[in-house]
Amino acid sequence: MTKFQEKAQILDRQELAASIIRLTLHAPLVAAAAHPGQFVMVRVGDSFDPLLRRPFSIHQVSAGGDLQLLFKVVGQGTRCLARLRPGEKLDLLGPLGRGFRLQREDPVCLVGGGMGIAPLYFLGKRLLMHGRLPEFDPVLLGAASQRELALLADEFFALGYDVHTATDDGTLGHHGFVTDLLDPVLPRVSRVYVCGPYPMMRIVAARCLAAGVECEVSLEAHMACGLGACLGCTVRATEGYAHVCLQGPVFDAGEVAWQ
Amino acid sequence: MTKFQEKAQILDRQELAASIIRLTLHAPLVAAAAHPGQFVMVRVGDSFDPLLRRPFSIHQVSAGGDLQLLFKVVGQGTRCLARLRPGEKLDLLGPLGRGFRLQREDPVCLVGGGMGIAPLYFLGKRLLMHGRLPEFDPVLLGAASQRELALLADEFFALGYDVHTATDDGTLGHHGFVTDLLDPVLPRVSRVYVCGPYPMMRIVAARCLAAGVECEVSLEAHMACGLGACLGCTVRATEGYAHVCLQGPVFDAGEVAWQ
Amino acid sequence: MTDHNDIDLRVRIGPLRLRNPVLAASGTFGYGREFADLVNLHRLGGVVTKGISLLPRPGNPPPRIVETACGMLNAIGLENVGVDEFIRRKMVFLRSAGTRVFVNILGDSIDDYARLAEQLSGVEGIDALEVNISCPNVKQGGVAFGTVPEMAAAVTASVRAATDLPVIVKLSPNVTDIAAMARVVEEAGADAVSLINTLIGMAIDCRTRRPRLANVIGGLSGPAIKPVALRMVWQVARTVSIPVIGIGGIATAGDALEFLIAGASAVQVGTANFRQPSVTEEIVAGIRSFLQEEGMLSVRDIIGTLQVEGG
Amino acid sequence: MTDHNDIDLRVRIGPLRLRNPVLAASGTFGYGREFADLVNLHRLGGVVTKGISLLPRPGNPPPRIVETACGMLNAIGLENVGVDEFIRRKMVFLRSAGTRVFVNILGDSIDDYARLAEQLSGVEGIDALEVNISCPNVKQGGVAFGTVPEMAAAVTASVRAATDLPVIVKLSPNVTDIAAMARVVEEAGADAVSLINTLIGMAIDCRTRRPRLANVIGGLSGPAIKPVALRMVWQVARTVSIPVIGIGGIATAGDALEFLIAGASAVQVGTANFRQPSVTEEIVAGIRSFLQEEGMLSVRDIIGTLQVEGG
Ligand SMILES: Cc1cc2nc3c(=O)[nH]c(=O)nc-3n(C[C@H](O)[C@H](O)[C@H](O)COP(=O)(O)OP(=O)(O)OC[C@H]3O[C@@H](n4cnc5c(N)ncnc54)[C@H](O)[C@@H]3O)c2cc1C
Ligand SMILES: Cc1cc2nc3c(=O)[nH]c(=O)nc-3n(C[C@H](O)[C@H](O)[C@H](O)COP(=O)(O)OP(=O)(O)OC[C@H]3O[C@@H](n4cnc5c(N)ncnc54)[C@H](O)[C@@H]3O)c2cc1C
Ligand SMILES: Cc1cc2nc3c(=O)[nH]c(=O)nc-3n(C[C@H](O)[C@H](O)[C@H](O)COP(=O)(O)O)c2cc1C
Ligand SMILES: Cc1cc2nc3c(=O)[nH]c(=O)nc-3n(C[C@H](O)[C@H](O)[C@H](O)COP(=O)(O)O)c2cc1C
Ligand code: FES
Ligand code: FES
């Protein structure tokens, strides 16, 4: 898997909700090599503060070499990224890590919470390339409220998926957790792909285990290099430690020592 | 002398030449208190790199509370400032330091080199408020080439001053140093105000001393606080050290131990 | 949530009671007056003066400061007005500033320190002495008092003997074992320790091949040094039983809280004053808001609350 | 101006000749292969491997890293594949990378170091050993080898006796007198010293009242520490007569040149690799351009050229 460093031009900037931004970049090298679930390390600016790159999932790629990131402003780095405007450039390193295993036959389920939805959309698009019937694949999406979720839900719907939503405030879909929507779904699928807050992934992983359904989760860790060099991005695995940027970010739920 | 900290809105941004920028800010508190030759400490951004404020002379103020800065991009801090656009805010501390002594009667001469012209324009405007006849006051301006100088020279001309220019490349006025223009001028004036590169100020100071003409110079030093607290902005004075932000930036040429 | 006004920010440094735990650090706040237009001094826990010596000092030749990544180097060379002028002129304003006044003292010999302490004792308006032991001992080959435990103890004991004021010894971080330094200073009679002073650093101008500071080396301060400072404060707070004042790179209320949690009873803010002259007051407000959000009633309840597994 | 291609960047580290003075630092460049897509390894002076121990080590629990102002803290806990696996697997790529290979070694006892040196001697493709003495000596109460002169000397002597490879001892900055450490290590037979390793630091999460690193303390690296590193390199270069390799916060050619001017014969780039994977190669190019602009023919002409008044 070749990695590239690419100065990508920003083509478009969308503000999906307060402090949720979607950037479209022209990054032909990274886009062409990307697989769903992989991520890029983004250099935040020229200053040494912040110093380190920030990891972001690849939200989607186009055949023309465009690539999207979807992120939420949570701190200094994302605040800098939110200030970028079309025409400016962003320095990317990628594609990095091990992505989702693409299932060809049996129905799958995608479960995304908050910004965890980002890599799932790329996955959702790429799965279609294998001639699947998305009507049979449930997509469960959760967020704080309607504003953050509506557009993303529409886009999955437009791909043909069987979309179900949940919001913390009840403004869209089920009023509650996205995990509440799992029960009717699990018996119908053979594999669940999940990305979102840790507690949510832990619940989904446990429910899949109980139901005998395969489950892939996308984990986060603080990262310095994204390349397997610093050994900083450790998570506890069932056997010793694993490094998110190298063996992950996508793991079989069974490999993870859930806390 | 009261100092203020003010979040000033940027009203206008002009690029006079490659990497020479003039910002117009709305800073009513600082503007109202400012005296020519004083400066402001500007916070460069939110990041801790660069950490310290940067000192800039007050280029001019308006009765309506606007204030201009004129600066050249020379490093990281000025590079950040050059990126600012109208509508954004800039955090100012000022007015700081001791400015020029305003002469009421006899003719004076203003000598500015490069960005040293910045405080002289404020001085040139303020001198007029004392009912002087600017036709009798020579203004000698020097820069690398025509592009950097033309507009500023026009503005002094518009105030009615007797403007003479010099450029390193001969594209405007005298081909050579601005100090070459001093000879015919010195016998006609009783005081020279000078701001520009150190070697230029040293020459002007020496020539004024020889001619028995009073001379005020505006010095630079690395500054951390601008408030007289850090004691970092030292220059050698005829008696011990002086602090540029407190006893200066404007000094009598005779107080300075020229190197 | 607690009501904003109910929150108790008072702390004690040995015998001294402070309105809140946020002080301005020595050498970064002048003699207080320099900041009076820009910050409400009576909102601060206290102000530490620029270091004072027996005689006035001119300081080092320029250049004296240079910016570094998230920090700065200074080699001011301890320029100050001398103790007589300080008492006569600078104390006039400080006395009326409505805040605690800590006088930072420095000398070239143990005797210097003792004489300074004597002269400052009994001066109205001085609440405590902070003893800067980072200076070279000119009588003993110029090795800094702050790097040799025996010398640090001797300075502390002589100041202790010379004054009834609370004595705070300010530690240098340029040592192998900061906890050992704190311990000897405690044994020698200090009421409290403050740390860290600056790390020794250097910068070079590649074009001229000259040091950027005329003094060649200087003291590194600012956010860059915060992790080192916090580690040392934690090590010292675990070791001594006198109060610890945390210093080093503090620029936000969050930074200050880290030091309090690590065991500091108060903090000093230095370089950040240059960037934001009202930062000390803002840190006081930020600590109050934090405590309110956490439903805590007193800042004292957060001091030393670091949870370390198995320790 | 000199012609670009005429500029001689070669340097020597004791018996070892390097194509240029820019190396990648231990622990920040994996085993070389991790960066192979992103930088031309054959353009570098060399690569220092992640620290290798006798047995594989799992390292510390997470979280292991945290960002700080212009720097980062790490507490990786010396995770590595162990010397056998290193020789069998990691050396295969490194041998073919077209650059000098420095193997960084670490142990819990003096004997560990000697055995590592023995095992690595004679392995094809290894050009030098870098001895990391910042680790705790588990046999002697966990005090770091790098903070006690006698222990540093003993480790150096034992490695020296066990190998014919050039021996570079990597010094810890967490000491009062870095020059003294360098001197004892020189006397014990080191071919060169490299410095600095990380400064010990800490960060706290105010909400949880927990350290941000599971290990509580960690090593501070990055631009934040450059002034301290440069000062120490200058002090050491004035003291010892063996070559000095400068490390600490180097992120640009200008930074590297500062260390060379201060007396380093080569430099290592650490944390900056994370920000910009090709930074080492860019620094080589930047040094070449600088020398060209200055009309200099050899990088050796700039080493140790710092002009200090009266010194
Ligand atoms: C593989 C991977 C993919 C990710 N994909 C996305 C995505 O598509 N969209 C999105 O919004 N976010 C994503 N994240 C999280 C994103 O990296 C962090 O939100 C971002 O780094 C925060 O940077 P900051 O400077 O704004 O915040 P900081 O102020 O640095 O920290 C804010 C929070 O972000 C976390 N964080 C900070 N730095 C890192 C880091 N280097 N690695 C991981 N977490 C960090 C901290 O734990 C902290 O709680 C992903 C993380 C990983 C590891
Ligand atoms: C009283 C005063 C008034 C000034 N007025 C103007 C003005 O009107 N227009 C203008 O263009 N420039 C002015 N300057 C110079 C201006 O402050 C510097 O150009 C600016 O600080 C450079 O910052 P930087 O980060 O871009 O450059 P750096 O990368 O920090 O340094 C580039 C150069 O600028 C100098 N410099 C850096 N920091 C400072 C500092 N804090 N104080 C002084 N010099 C510094 C350095 O010597 C260096 O050579 C003035 C300086 C002083 C002291
Ligand atoms: C310009 C400057 C001058 C200083 N002068 C003194 C001093 O006179 N006495 C002293 O004990 N510490 C002095 N210090 C050290 C500070 O009080 C403080 O310990 C150090 O800067 C670390 O804190 P900071 O990172 O918040 O600045 C000085 C620091 C600076 C930056
Ligand atoms: C993540 C990380 C891991 C490191 N591992 C080692 C190591 O195994 N052995 C060693 O001697 N130094 C190690 N270091 C220290 C670096 O080699 C270097 O001395 C230090 O980071 C300072 O340089 P820098 O500021 O350029 O990073 C490590 C540093 C980092 C950041
Ligand atoms: S982020 Fe460096 S090893 Fe994973
Ligand atoms: S800049 Fe601080 S005293 Fe002048």
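Note on naming: letters A, B, ... go to the chains in the order of the sequence lines (proteins, then strands), and numbering restarts at 1 for each one.
Residues B:L152 and B:H59 meet the side-chain proximity criterion, which asks for heavy atoms closer than 4.5 Å. At a threshold of 4.5 Å between non-hydrogen side-chain atoms, the residues A:M200 and A:V111 count as touching. Residues B:I203 and B:F177 fail the side-chain proximity criterion, which asks for heavy atoms closer than 4.5 Å.
Of residues 68-87 of chain B, those residues lying under 4.5 Å from chain A by any heavy-atom pair are B:Q76, B:R83. Using non-hydrogen atoms only and a strict 4.5 Å limit, no part of residues 3-24 of chain B faces chain A.
Closest approach of B:F251 to B:A242, counting heavy atoms only: CE2-CB, 3.7 Å. When every heavy atom of B:S218 is checked against every heavy atom of B:F100, the shortest pair comes out as CB-CZ, 4.3 Å. Closest approach of B:A153 to B:T165, counting heavy atoms only: CB-CG2, 3.8 Å.
Enclosure of atom OH in A:Y198 by more than 12 non-hydrogen atoms of other residues, nucleotides or ligands within 6.0 angstrom is indicated.
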* Asked: Is there a side-chain contact (heavy atoms from CB on, under 4.5 Å) between B:R54 and B:L52 once you walk through the steps?
  -> CA-CA 6 Å; B:R54 298 289 189 262; B:L52 299 174; 4.0 Å; yes
Begin from the C-alpha positions of B:V42 and B:L90 and carry the test side-chain contact (heavy atoms from CB on, under 4.5 Å) through to its verdict.
CA-CA 7 Å; B:V42 174; B:L90 198 57; 3.7 Å; yes
